[in-house]
Amino acid sequence: MTPSKRLFELDALRGFSLFGIILMNILSFSMPYDQAFLPDIIHNSIDEWILRFVTLLIISSFYPIFTFLFGYGLAIMYENSQIKGMNYYSFIYRRLVFLMFLGLIHGIFIFSGDILFGYAFTGMLAVLFIKWQPRKLVTFAIIMFVLKLILIVIPFSLLAWFTHRYGGNNFTGLPLDKLIRINQEGDYASFLNINLIDETYRILDVVTTSAYFEFLPYVLLGIAAQKIDLIRFVQRNKQRAIKFSVLFMGFGYIVKLPHVIDYGNNAYSNVSSMVGGPLVATGYIILFIVLCQYRKISRLLKIFKYPGRVSLSVYLGQSIIFTLIYMGFGLGLYYKLYLYQSYILVIVVYAIQLIISYIYLKRFNQGPIEWLWRKVTYLN
């Protein structure tokens with residue numbers, strides 16, 4: 001398989017995962033999704049079924065794909081550095097420090113649901129294992145996943161079940177009605193105060209827990225996948241790969257189903273996001289690569305490669321656009337639209353980004369943020 005073919009599949013999968021991530025993030029942009037008891041803020045039967053549908057297919061099932069691809073990219077750069085005789089760690093840590101700085105700016109000043117800081121911090125750990133053999137990487141990733149079940153998922157789900165099964169998790173300390181009013185009508189300074197609180201909790205979560213149990217296993221699996229050339233393996237074993245993808249997705253959907261039915265239950269939420277989501281994501285990755293092997297289907301999936309090639313610029317652009325649409329210093333549409341209306345906006349914005357990405361890449365090889373990131377990485 002040619003490098004261009006492999007690049008197409010990785011870029012298309014990255015663009016596809018970007019679409020899934022904004023389908024998830026729009027919940028946080030448009031309403032107090034993380035702060036409120038969901039049955040209290042969903043007042044429309046159509047919105048309720050949309051939320052159930054998104055919970056099953058989207059939530060927590062796309063960020064592991066992006067994390068997996070992040071690890072895949074770290075491994076590609078390591079392989080290239082060995083071919084060119086470069087010192088891998090001298091430039092990779094520079095690259096990751098820049099990403100961490102970018103994540104802090106994004107998380108504090110634009111969107112507190114930032115993932116870049118978490119990726120950068122986790123990447124600094126993951127590259128320490130970059131020379132490991134694939135089998136050892138996969139084994140360690142599985143061990144970390146099992147430890148997550150034992151140390152986090154089971155205890156916290158049981159704790160939620162017996163003490164706080166239903167209710168919101170508002171870390172801002174503000175009453176819900178005041179929080180909604182600030183987001184709808186407040187100025188940028190008010191938005192910044194809330195964002196700073198949310199981002200502080202998110203950073204603390206990353207450095208104490210998430211980096212090791214949520215991000216690291218998928219980054220390591222991405223590194224292992226590059227080492228075994230997963231795309232070539234899938235190409236040679238399409239039928240077997242399809243069976244595995246169906247198995248992972250089916251089991252993941254079963255794990256997610258209780259939360260789909262009872263979407264206000266915090267105990268079910270933990271299991272759905274931390275166990276069901278990654279299982280479904282694994283199925284999506286395998287199935288997407290399989291579908292790329294069929295000419296007619298790959299022509300349709302080709303559209304995702306354009307935003308995938310400028311993924312960092314697209315991701316940050318989405319945050320800026322939707323912050324301006326929903327926050328009070330912009331259009332102030334926070335918690336004023338039905339959920340189905342917000343999803344129409346998502347499709348329109350992503351379609352526009354897709355078209356812009358296509359036109360932009362006709363003239364340039366990299367997105368503007370990607371260009372700056374590369375300059376910092378290689379100092380040239």
Side-chain angles (χ1 to χ4, degrees), residues 21-22 24-38 41 59-60 63 66-67 70 96-125 152 156 164 167-215 266 269 273 312-337 342 369 372-373 376:
I21 286 173
I22 193 55
M24 179 180 70
N25 283 347
I26 195 63
L27 295 170
S28 297
F29 279 117
S30 64
M31 65 181 187
Y33 175 77
D34 296 317
Q35 293 86 11
F37 178 51
L38 290 177
I41 62 172
I59 293 177
S60 301
Y63 84 85
F66 216 67
T67 313
F70 181 70
L96 293 171
V97 167
F98 177 81
L99 186 66
M100 181 178 288
F101 177 71
L102 193 63
L104 285 172
I105 294 175
H106 177 232
I108 294 172
F109 296 100
I110 304 173
F111 176 50
S112 61
D114 168 74
I115 58 173
L116 302 180
F117 178 89
Y119 283 3
F121 184 85
T122 308
M124 291 178 178
L125 302 174
I152 300 175
F156 280 89
H164 189 60
N169 297 290
N170 189 348
F171 295 112
T172 65
L174 297 172
L176 186 60
D177 58 345
K178 185 176 181 180
L179 178 65
I180 292 172
R181 188 170 61 255
I182 290 174
N183 283 332
Q184 288 177 342
E185 304 170 3
D187 56 17
Y188 185 71
S190 301
F191 163 81
L192 198 59
N193 287 335
I194 296 174
N195 236 34
L196 187 58
I197 296 172
D198 283 344
E199 182 64 9
T200 299
Y201 277 108
R202 186 173 294 272
I203 291 172
L204 288 173
D205 176 65
V206 166
V207 300
T208 60
T209 308
S210 294
Y212 319 103
F213 298 106
E214 278 294 284
F215 296 141
N266 291 315
S269 175
S273 62
L312 189 55
S313 297
V314 169
Y315 171 70
L316 294 174
Q318 289 172 348
S319 293
I320 294 171
I321 291 168
F322 287 111
T323 295
L324 290 176
I325 287 175
Y326 287 102
M327 293 298 105
F329 54 87
L331 297 181
L333 295 181
Y334 186 83
Y335 199 44
K336 291 181 179 179
L337 299 180
S342 290
I369 306 300
L372 179 60
W373 197 16
V376 172

>> Please find the pair of heavy atoms, one from Ile369 and one from Leu312, that lie closest to each other, and give the distance.
In response: CG2-CD2, 3.4 Å

> Yes or no on side-chain contact (heavy atoms from CB on, under 4.5 Å) for Tyr326 and Asn183, after CA distance, side-chain angles and deciding distance?
Replying inline: CA-CA 8 Å; Tyr326 287 102; Asn183 283 332; over 6 Å; no

> So do Leu99 and Phe70 actually touch side chain to side chain, heavy atoms under 4.5 Å?
Replying inline: yes

> Which value, rounded to the nearest 0.5 Å, describes the distance between Ile108 atom CD1 and Asp198 atom CG?
Replying inline: 11.5 Å

Listing, residues 205-214 side-chain donor-acceptor contacts under 3.5 Å, not counting sequence neighbours, or none:
unit_1, atom_1, unit_2, atom_2, d
Asp205, OD1, Ser210, OG, 3.4
Asp205, OD2, Ser210, OG, 2.3
Thr208, OG1, Leu204, O, 2.6
Tyr212, OH, Val207, O, 2.6
Glu214, OE1, Tyr63, OH, 2.2
Glu214, OE2, Lys148, NZ, 2.7

> CG/Leu324 to CG/Leu333 distance, rounded to the nearest 0.5 angstrom?
Replying inline: 11.0 Å

>> For the backbone of Phe215 and the side chain of Thr67, can you confirm whether one donor and one acceptor N or O come within less than 3.5 Å of each other?
In response: no

> CD of Gln318 to CD1 of Ile26: how many Å apart, nearest 0.5 Å?
Replying inline: 9.0 Å

> How many angstroms lie between atom CZ of Phe98 and atom CG of Leu372, to the nearest 0.5 angstrom?
Replying inline: 4.0 Å

>> Please give me the minimum heavy-atom distance between Tyr33 and Leu27, naming the atom from each residue.
In response: CB-O, 3.4 Å

>> For a quick test of reading the model, state the closest non-hydrogen atom pair linking Leu176 to Ala36 and the distance between them.
In response: CD2-CB, 3.6 Å

>> For Phe329, give me all partners under ring pair (Phe, Tyr, Trp, His ring centres under 6.0 Å), at least two apart in sequence or on another chain.
In response: Tyr188, Phe191

>> Quick check: closest heavy atoms across Phe29 and Met327, and the distance to 0.1 Å?
In response: O-CE, 3.9 Å

> Could you state the interatomic distance from OG (Ser28) to CG (Asp34), rounded to the nearest 0.5 Å?
Replying inline: 4.0 Å

>> Can a side-chain donor-acceptor contact be found between Ser190 and Asp187 if the only test is distance below 3.5 angstrom?
In response: yes

> Around Lys178, counting heavy atoms of other residues, nucleotides and ligands shown, do more than 12 lie under 6.0 Å from its NZ?
Replying inline: no

> Atom CZ of Arg181 and atom CG of Leu179: how far apart are they, to the nearest 0.5 Å?
Replying inline: 10.0 Å

>> For the backbone of Gly103 and the side chain of Tyr119, can you confirm whether one donor and one acceptor N or O come within less than 3.5 Å of each other?
In response: no

> Do the non-hydrogen side-chain atoms of Pro32 and Ile180 ever get within less than 4.5 Å of each other?
Replying inline: yes

>> Keeping Gln184 on the side-chain end and Gly332 on the backbone end, is there a donor-acceptor pair under 3.5 Å?
In response: no

Just list the side-chain donor-acceptor pairs under 3.5 Å for residues 111-118, sequence neighbours left out, or say none.
unit_1, atom_1, unit_2, atom_2, d
Asp114, OD1, His106, ND1, 2.7
Asp114, OD1, Leu116, N, 3.1
Asp114, OD2, Leu116, N, 3.2
Asp114, OD2, Phe117, N, 3.0

> Is a side-chain N or O of Asn266 found less than 3.5 angstrom from the main chain of His164, in a donor-acceptor match?
Replying inline: yes

